[in-house]
Amino acid sequence: MAKLQAIRGMNDILPAQTPTWQALESAFHRVVHRFGYQEIRFPVLEQTQLFKRSIGEVTDIVEKEMYSFDDRNGDNLSLRPEGTAGCVRAADQHGLLYNQQQRLWYQGPMFRHERPQKGRYRQFQQFGVEAFGMAGPDIDAELIQLSADLWRELGIGSALTLQINNIGASAERRAYGAALTSFLEAHSDRLDADARNRLYSNPLRILDSKNPDMQDLLVAAPALADYVSDESVQHFDELKSLLDSAGIAYEVNPRLVRGLDYYNNCVFEWVTDALGAQGTVCGGGRYDGLVEQLGGKATVAAGFAMGSERLVLMLETLGKEPQAPRPAVYIVVPTGFAKDALALATALRAELPEQIILSHCGGGKPASQLKKAFTLGARYAAVIESDLLEQGKIKLRGLTDEEGFEEQVPVDDLPRRLAELI
RNA sequence: GUGACUGUAGCUCAGCUGGUAGAGCCCUGGACUGUGACUCCGGUGGUCGCGGGUUCGAACCCCGUCAGUCACCCCA
């Protein structure tokens, strides 16, 4: 029988990597906490309809990337491909959005059936932040500032660039899309297959094509900025000046178009060149129409999401991984002294509750146990020896280069002695 | 979904034009050492991703399949 293995594109995260993940998660928690955001948790499965109506019927995500199936009741369900739709559904369903402001955050796995590659997996983790009921650019700036604070906390700010754009209201985008379509129709002989596919369904997506021929063609195309309302432009200008005063550098990228339909006005992405093809680490923007579109009372909103795997990759390639936790004390236990070791370990953990106290299990010579203590990077070894123990003493050894001492300590004093040293 | 490359011990890899597998590291037992580090001796561990085919014989050739990597596409 063939060995069972993980589903394609779904990764196990092993002990060697979990410290980096924990560092990332705790940094995120610290940042959202000090910005006053509250956690919300919502299911991994939703009605397929929710994603179709929010993300957009003709987007790649719902067209070909969702894990959808009929459950036993015949309802069509989907694993969430992103967080915003479920967050809005949950918040609206429980009345969190009715005439009030909310600052929310979530984290968890998302699912998209794409061909896996570096920084892109079929199950992946996102952190997301959503803010409801605030119409001005001040909240947009706050969201960006929050993300920038996280980069600072992680020490990766210098490897990230902020790109922003104003994509206007959906009606404006429709008008622009029509203009873009007719422009491209006039040059249909120069369009690549992908552009031809999107010509009528989603022409704006042609804007960020990586095909140089398309980009050459688009130089002469109508500009989205010319179709955006004065209000949108003013909102965007205010955002830029807020970012300026906050000291957050940005680039205006007129080609920046988000892949989900619900965005409007200002959108942004944090990008890096440290990750190969997956340059976007964080993306978001305003989505003022989504709540109403999903059946709620009209509520303005903005938010962003970031990909944890990509951030972990960045931490690794930039050498910002935390050190693996090392034991403070390793107890060397000769055969027949398990009870003494257990009692000693309990006493040490009571005195030093934050430290890792490892007691050797499985027997073996003291010499090889000590070797294990060194291998694990333990700072001290508490060596039980029968003749010493009869005198109520234990041997304490410092195992690091700086602390290469060896001393005999009364067993009862060992917790206090170690507390002094550590 | 498309393309290119890859798939041999836990890890990193070798295996010439086909003759049923090797090294280093790791782990482990022992010797030595004033109870780890250096040195010496020994040991565990492989359906050569999987399934077919060609052949007297395949890790090596052919087909399929699964998985990985990178890129396209798309996005976090």
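Just so we're clear, the structure is a prediction, and the values are computed from it rather than from any experiment. Below, chain A is the first sequence line, B the second, and so on; all start at residue 1.
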Exercise. Quick one: are the ring centres of A/Phe28 and A/Trp105 less than 6.0 Å apart?
Worked result: yes
Exercise. Side chain to side chain contact (heavy atoms under 4.5 Å, CB included) with A/Arg286: which of A/Asp140, A/Val267, A/Asn166, A/Ile167?
Worked result: A/Asp140
For this session: Just call it for A/Leu260: base, sugar-phosphate, or nothing, with non-hydrogen atoms closer than 4.0 Å on any strand.
Result: sugar-phosphate
Exercise. Within less than 4.0 Å of OP1 or OP2 of B/A71, is there a side-chain N or O belonging to A/Gln117?
Worked result: yes
Seminar exercise, completed: Looking only at B/G68, B/G36, B/C73, the nucleotide nearest the A/Ala367 side chain is B/G36
For this session: In whole angstrom, give the distance that lies between atom OH of A/Tyr262 and atom P of B/A76.
Result: 7 Å
Exercise. With a 4.0 Å cut-off on heavy atoms, is A/Tyr121 in touch with a base, just the backbone sugar-phosphate, or nothing at all?
Worked result: base
Problem set entry | Basic-acidic side-chain contact under 4.0 Å: A/Glu114, A/Arg120 | yes
Exercise. Are any of A/Lys365's side-chain N or O atoms less than 4.0 Å away from OP1 or OP2 of B/G30?
Worked result: yes
Exercise. Is there a side-chain polar atom (N or O) of A/Arg115 under 4.0 Å from OP1 or OP2 of B/C74?
Worked result: no
Seminar exercise, completed: Closest to the side chain of A/Arg397, out of B/A76, B/G36, B/G30, is B/G36
Problem set entry | A/Arg120 (side chain) and B/C70 (base): donor-acceptor pair under 3.5 Å | no
Seminar exercise, completed: A/Ala277 has its side chain closest, among B/C70, B/A76, B/C72, to B/C72
Problem set entry | Closest listed nucleotide, where the reference is the side chain of A/Ala305 and the choices are B/A76, B/C70, B/C74 | B/A76
Exercise. So which one's nearest nucleotide on RNA chain B is more toward 5', A/Leu370 or A/Thr59?
Worked result: A/Leu370
Exercise. Are the ring of A/Phe124 and the base ring of B/A76 both nearer than 5.5 Å at their centres and tilted by less than 30°?
Worked result: yes
Exercise. Hey, does the side-chain of A/Arg310 have a donor or acceptor N/O within less than 3.5 Å of a partner on the base of B/C75?
Worked result: yes
For this session: For A/Glu65, report the nucleic acid contact type (base, sugar-phosphate, nothing); a contact means any heavy atom under 4.0 Å.
Result: sugar-phosphate
For this session: Just compare B/C74, B/G36, B/A76 and give me whichever is closest to any side-chain atom of A/Phe374.
Result: B/G36
Exercise. Which of these nucleotides, B/A76, B/A67, B/C74, is closest to any side-chain atom of A/Gln5?
Worked result: B/A67
Exercise. If each of A/Gly119 and A/Pro116 is mapped to the nucleotide of RNA chain B with the nearest heavy atom, which maps nearer the 5' terminus, i.e. the 5' end?
Worked result: A/Pro116
